[in-house]
There are 2 protein chains.
Amino acid sequence: MKLTTKGRYAVTAMLDLALHFDKGAVTLADIARRQGISLSYLEQLFAKLRRGGLVDSVRGPGGGYNLAVPPSKITVAEIIVAINENIDATRCGGEKNCHGDQACLTHQLWEDLSVRIYEFLHGITLADLVSKPQVQQVASRQESRVPATITR
Amino acid sequence: MKLTTKGRYAVTAMLDLALHFDKGAVTLADIARRQGISLSYLEQLFAKLRRGGLVDSVRGPGGGYNLAVPPSKITVAEIIVAINENIDATRCGGEKNCHGDQACLTHQLWEDLSVRIYEFLHGITLADLVSKPQVQQVASRQESRVPATITR
DNA sequence: ACATTCCTGACGGCTTTAGTCAACTTTAAC
DNA sequence: GTTAAAGTTGACTAAAGCCGTCAGGAATGT
């Protein structure tokens, strides 16, 4: 389980999609504006999300992205896994050859931790996040915002 | 809570110290040989561990490093915190200004996760790790090893 | 046709990681 | 008191990953 800002961007973007789940396709430009993420970077992230089967895309005018399944069926862990193709927290990638030909001293520790983190994030769906008061509060503020100018 | 290979190196090295807790000072050269970590890199890590008060150093011949307190008093979380001076998993460093002037949508999520990871790692001491059969098994193999040549 | 939007690949700056090298200080042992 | 073992510090490099930009292309509704 690798946790970087990349994964955080992805979860934020997916949460934005979840907030507009029943309102038709959402363009990346909208997400970029609302969440303050560069459009081109979003394009990269969504390419992976699409390959991971988490979102559906609609081309052409009026197009955009939609969640492939309802928010209650998508967990945070799935999003992060789709973004970071390498998932293991261990040094050896599960090969247990971290140290020469043998497992390193702390191999088991990182494996345990990895499982814990995964379980935590797997227990949280987008629907869970949407229902949080804090999220709704921030979201409503974003709706009423003056659109900023978007580069490219 | 930032989890990188850097932190893993540090925990592995500290575990090595814990395994030799009652046997006098341990040189970095020994750790480098046993754990397959570059000596110069260990020097950097132990400078931080020393500043963090986790280890004591003894200079001169016969010198080396010792745990500053018994293994049962040192948690994995402390080690990682000492190594990565920045601890927060959130984008804004607790400032809650992740997105312009307001907290980003997922601020709370990362804060929660951060706490979870910290609690997990704070619940594991070096003594816990030492008592694990797997660790002892790997450790005993390392003791009987032919010393490899060390560069510089 | 045309504008909109997704899609793809290449590229560059930046930070972090991992490791190297060199010089220095302390101190035990001879 | 010399010497050698060890820690201490700082500068440096190479590689990787992150973040973002740019340029073009493909699909598609109007």
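A quick note: this is a predicted structure, and the numbers were derived from the prediction, not measured. So you know, we letter chains A, B, ... as the sequences are listed, proteins then strands, and number each from 1.
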Just how far, in rounded Å, is C1' of dT20(C) from CG of Leu45(B)? 14 Å
Mind checking whether Leu19(B) and Val69(B) sit in one hydrophobic cluster, side chains of I, L, V, M, F, W, Y counted as touching below 4.5 Å? yes
Close N or O pairs between protein and nucleotides 26-30 of chain C (under 3.5 Å):
{"unit_1": "dT26(C)", "atom_1": "O4'", "unit_2": "Arg59(B)", "atom_2": "NH1", "d": "2.6"}

Do any side-chain nitrogens or oxygens of Ser38(B) fall under 4.0 Å of OP1 or OP2 in dT20(C)? yes
Of all heavy-atom pairs linking Ala13(A) and Leu42(A), the shortest is CB-CD2, 4.0 Å
Nearest whole angstrom, please: distance from the P of dA11(D) to the CD of Glu43(B). 16 Å
For Tyr9(B) and dG19(C), is the shortest distance between a side-chain N/O and OP1 or OP2 below 4.0 Å? yes
Whole angstrom value for the distance that separates C1' of dT8(D) from CG of Leu42(B): 14 Å
Ring-plane angle category for Tyr65(B) and Phe46(B), please: parallel below 30°, perpendicular beyond 60°, tilted otherwise. tilted
Look at the side-chain N and O atoms of Arg50(A) and state whether any lies under 4.0 Å from the OP1 or OP2 oxygen of dC6(C). no
Residue met sooner reading DNA chain D from 5', once Gly7(A) and Phe46(B) are mapped to nucleotides: Phe46(B)
Taking the side chain as C-beta and beyond, is there a heavy-atom pair between Phe120(B) and Ile117(B) under 4.5 Å? no
Quick one: is Ser57(B) getting a side-chain N or O under 4.0 Å of the dT8(D) phosphate, OP1 or OP2? yes
When the nearest nucleotide of DNA chain D is assigned to Tyr41(A) and to Gln44(B) on a heavy-atom basis, which residue is associated with the more 5' position? Gln44(B)
Under 4.0 Å: is that the gap between some side-chain N or O of Thr27(B) and OP1 or OP2 of dG7(D)? no
Answer with base, sugar-phosphate or nothing: what part of the nucleic acid does Tyr65(A) contact at a heavy-atom distance below 4.0 Å? sugar-phosphate
Could you tell me the separation between the CG atom of Leu28(A) and the C1' atom of dG20(D), rounded to a whole number of Å? 15 Å
Ignoring hydrogens and geometry, is there a side-chain-to-backbone donor-acceptor pair from Glu78(A) to Thr75(A) under 3.5 Å? yes
Within the 4.0 Å heavy-atom criterion, would you say Val26(A) contacts the bases, only the backbone, or no part of the nucleic acid? sugar-phosphate
